[in-house]
2 protein chains.
Amino acid sequence: MKFHKLLRLEGVSVEKDKGEHVFMQSDSDKSLYFVQSGLLKAYYTTEDGKEYIKSFLLPNDIIGSLSSSYLEECSSFSLLCLEPTTLVKMPFRRLYEYTKGDLELANNMIDLILHLAIKKEKREYEFLCLSAEERFCMLVKTSPSLLEKVTQNDLARYLGITPVGLSRIKKRTHTRPINAKQTAL
Amino acid sequence: MKFHKLLRLEGVSVEKDKGEHVFMQSDSDKSLYFVQSGLLKAYYTTEDGKEYIKSFLLPNDIIGSLSSSYLEECSSFSLLCLEPTTLVKMPFRRLYEYTKGDLELANNMIDLILHLAIKKEKREYEFLCLSAEERFCMLVKTSPSLLEKVTQNDLARYLGITPVGLSRIKKRTHTRPINAKQTAL
DNA sequence: CATAGATTTTAACCACGGTTAATGATTCCT
DNA sequence: AGGAATCATTAACCGTGGTTAAAATCTATG
């Protein structure tokens, strides 16, 4: 990545332990966070108490609270550290002032958001076109290291299924050869 | 929306009839398109010939071909006019040159991409947290006008289900009172 | 009007994954 | 080490939606 100038802006460094939350809801906390080390999960909690994981955050990942009244109505959003974590916090208000007056920074910002938009695009694709099993296999291929760090429960909630469902899928994919679909002849 | 300056940039006007495609694949076509009038569907076609609809585009909507090697590998992406349509085409290369040199334009661009990112975020939420039936009900509430213009087939492929599945859901939701879940007492 | 084509609905059957609950396996704690 | 708590797996049962194919509608177009 190359958001050079963005990263050189001095933000507040935040240290959190495993199990601690990073609050992003209140106006004063609306910020962009750069993950320096550690591991977090970003998740929704719905009214009926269910949890759905939006993403896991690894070092060099970036997250911000996009304000969307729609989403805020139907769910609440949280960040939880799964390991001791260091973040750099940059309030949107301040960032916004910077980009208003700095061309290079504004272009860095464009690259950054574009990068995030492409991630979302991928995820939309995976939900739209792939089955839960295919999404799991995808993840095994692309982020094998994540599987070791994250509980079955969290992994399932990220894939959009239940832990029970994931357990079943794992069994299936180890027994059955992958891509058994093509077993014509 | 308020991408004032972006919209004042002069792009190439493109006229298409119902049934015509807008090509976005080749490098020379990598552009941002502003829909002025009409209706389009943006969809993926997978290797096994299935179609999945990413979004419908109405007047004032904006679409661009985010280049992602990942997505380009596993599917091909197309735009098809469902009604006679007028678009304004702005090549990314040119746009990029502009934003590199114009602060106001760069900030307009930030607002624009942020706006698109929030849309994606909503859609991710809907796939992650809602059932097909709930997604359908959501759409009925938020975009009733779309339902009249779009075939059952396209609608289903946008919701991530088959036309047969959608037909069943429609039957159910008309028979059964919506939110029958809460019928305690 | 008639026929062909596309679109939608229905039915029958099946696979996937949700739900609940019981059982194992780990980790953690004093 | 014993016990609590968390996490993972398994089994039984069920609901949603996929698949296929047939019937019912709707829409052209000559």
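Within every chain, numbering begins at 1; the chains are lettered A, B, ... in the order of the sequence lines, protein sequences first and strands thereafter.
- The CD-C1' distance, from A/E133 to D/dG18, rounds to 15 Å in whole Å.
- Separating the CG atom of B/L130 from the P atom of D/dT16 is a distance of 15 Å, rounded to the nearest angstrom.
- Rounded to whole Å, atom P of C/dT7 lies 17 Å from atom CG of B/L147.
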How does protein reach along nucleotides 18-28 of chain C, written 5' to 3' as B (base within reach of a heavy atom under 4.0 Å), S (only sugar-phosphate), or - (no contact)?
BBB--------
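- Candidate nucleotides C/dC16, D/dT10, C/dT8 were compared by shortest atom distance to the side chain of A/R172, and C/dC16 ranks first.
- For A/R123, the salt bridge (charged side-chain N to carboxylate O under 4.0 Å, His left out) partners are B/E124, not counting sequence neighbours.
- Ion pair A/K119/A/D61 flagged as a salt bridge, since at least one NZ, NE, NH1 or NH2 atom sits closer than 4.0 Å to an Asp/Glu carboxylate oxygen.
- For B/C129, the side-chain contact (heavy atoms from CB on, under 4.5 Å) partners are A/Y44, A/Y52, B/Y125, not counting sequence neighbours.
- Rounded to whole angstrom, the span from the OH atom of A/Y52 across to the C1' atom of C/dG17 amounts to 13 Å.
- A search for side-chain hydrogen bond (donor to acceptor under 3.5 Å, both in side chains) contacts involving A/T46 returns A/D48, not counting sequence neighbours.
- Put simply, CG on A/L57 and CG on A/L79 are 6.0 Å apart, with the number rounded to the nearest 0.5 Å.
- Residues B/K149 and B/E83 are not paired through a salt bridge, judged by the lack of any N-O separation under 4.0 Å between the basic side chain and the carboxylate.
- Rounding to whole angstrom units, NZ of residue A/K149 and P of D/dC7 are separated by 18 Å.
- Cluster note: A/V140 groups with A/L39, A/Y43, A/I53, A/F56, A/L58, A/L80, A/L82, A/F136, A/L139, A/L146, A/L147, A/V150, A/L155, A/Y158, A/L159, A/I161, A/L166, A/I169 through ILVMFWY side-chain heavy atoms spaced under 4.5 Å, whether in direct contact or through intervening members.
- A 6.0 Å sphere centred on CZ of A/R93 holds no more than 12 heavy atoms belonging to other residues, nucleotides or ligands.
- Across all strands, B/S167 comes closer than 4.0 Å to base atoms (heavy-atom distances).
- Nucleotide D/dA8 holds its C1' atom 17 Å from the CD atom of A/E148, rounded to whole Å.
- The interatomic distance linking B/Q152 (CD) with D/dT25 (P) rounds to 15 Å, in whole Å.
- Geometrically, A/K100 engages A/Y96 in a cation-pi contact defined by less than 6.0 Å to the ring centre and at most 45° from the axis.
- In this structure, the CZ atom of B/F136 is 13 Å from the C1' atom of C/dT8, given to the nearest Å.
- Helical stems in DNA chain D, defined as runs of 3 or more consecutive Watson-Crick or G-U wobble pairs with both donor-acceptor distances under 3.5 Å, are listed by first residue as C:1-22 with D:9-30, C:24-28 with D:3-7.
- OP1 or OP2 of D/dA11 sits under 4.0 Å from a side-chain N or O of A/K171.
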